[in-house]
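What follows is a set of notes on a single structure, which appears directly below.
On a predicted model such as this, the values are computed, not experimentally measured, just so you know. A, B, ... follow the sequence lines: proteins, then strands. Residue 1 opens every chain.
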2 protein chains.
Amino acid sequence: MESIQECNKMRLAIQDTIEVINGKWKLLIIASLTRKPYRFKELTRELGISPRMLSKELQDMEMNKLISRTVYESKPVTVEYALTDYGKTLNDVMNAMRDWGVKHRKKIMRG
Amino acid sequence: MESIQECNKMRLAIQDTIEVINGKWKLLIIASLTRKPYRFKELTRELGISPRMLSKELQDMEMNKLISRTVYESKPVTVEYALTDYGKTLNDVMNAMRDWGVKHRKKIMRG
DNA sequence: GTAAGTAGTTACCTATTGTATACCGGTTAC
DNA sequence: GTAACCGGTATACAATAGGTAACTACTTAC
């Protein structure tokens, strides 16, 4: 049985985490960037997200240092979004959510 | 380096999880119920959530079998919300988010 | 009677999220 | 020239999330 102090601390910490990764897109973007860096249009195609939302989410995550934005002076200019070392620290959260999602889907399928 | 198939599976599973625990309240409610069952008004006081939102979130989570709702025929009637065994399977997700939240707060504090 | 506690519900409002479409400024290929 | 690619923005609109406040219906205590 956890103490009430531990419980309050847990709530506060979880609240902090939720504020950083809230919404339906951020973790999906991070999941993609876990495999390799992506360009803007690549992400819109891969995730089916509109450029407006993607732009906003990427700016949010860059502010929180979860991802980096690099402009390459190729022709045409390309912009690459990559997961930062700090963004990679979300790995445990992602894995836990992946594992739970897999089990949940199996449960739903069983009825 | 993860394969593209693994990455797609991960995205799908994470998306499933997000759909169940979305919003700013559900995980906080679950965090409270981890310690002990709560009555409706207790939760509104503990979390500072309005009865309207709490009612909606509890119904959502009951539908997903994460929590149980038990009516006690005391006077006045009391209703107790408790985490189900299935709800407890979110423990790994909660712990991962708690741990990350703690580290994130420390990082923010450092500047 | 009134006041206070129980568990919610209802109506109203704003802010955020999301979709669709078009557009801009630049480069490349034809 | 035109068309097509890049990385976004701008605009208009619909849908959802979330908050405030008042209110219902019931019981207990005074």
Candidate nucleotides D:dA17, D:dG7, D:dC6, ranked by approach to the side chain of A:R69 - the nearest: D:dG7

Exceeds 12 heavy-atom contacts within 6.0 angstrom, atom NZ of B:K9: no

Gap between atoms CG and P, on B:L54 and D:dA17 respectively (whole Å): 16 Å

Donor-acceptor side-chain pairing of A:N91 and A:N95 below 3.5 angstrom: yes

Phosphate contact (D:dA21 OP1 or OP2) by B:S50 side-chain N/O below 4.0 Å: no

A:R39 side chain, from C-beta outward: closest of D:dG7, D:dT20, D:dG8: D:dG7

5' precedence on DNA chain C between B:V77 and A:E57 (nearest-nucleotide basis): B:V77

Rounded distance (nearest 0.5 Å) linking atom CE of B:M61 with atom CG of B:L83: 7.5 Å

Comparing B:I49 and A:R52 on DNA chain D - which has the more 5′ nearest nucleotide: A:R52

Under 3.5 Å side-chain donor-acceptor pair for A:E46 and A:Y38: yes

Heavy atoms of other groups near B:K107 NZ, more than 12 under 6.0 Å: yes

A:R45 side chain, from C-beta outward: closest of D:dC6, D:dT20, D:dG8: D:dC6

For atom CE of A:M53 and atom C1' of D:dC13, their distance in whole Å: 15 Å

Atom-to-atom span, CG of B:D60 to C1' of D:dT16 - whole angstrom: 12 Å

Where A:S3 and B:R35 come nearest, the two heavy atoms and their spacing: O-CD, 3.4 Å

Distance, rounded to the nearest Å, where B:F40 contributes CZ and D:dA25 contributes P: 18 Å

For chain A, the stretch of DNA chain C it reaches, first to last nucleotide, under 4.0 Å of its heavy atoms: C:dT17 to C:dT28

Any A:K24 side-chain N or O less than 4.0 Å from OP1/OP2 of D:dA17: no

Gap between atoms NZ and C1', on B:K41 and D:dT27 respectively (whole Å): 13 Å

Touch class at under 4.0 angstrom, heavy-atom based, for B:Y81 against every strand present: sugar-phosphate

Under 3.5 Å donor-acceptor, B:E62 side chain and B:Q59 backbone: no

Touch class at under 4.0 angstrom, heavy-atom based, for A:E80 against every strand present: nothing

Value in whole Å for how far the C1' atom of D:dT16 lies from CH2 of A:W25: 15 Å

Sugar-phosphate only, base, or nothing, as touched by B:Q59 at under 4.0 Å among non-hydrogen atoms: sugar-phosphate

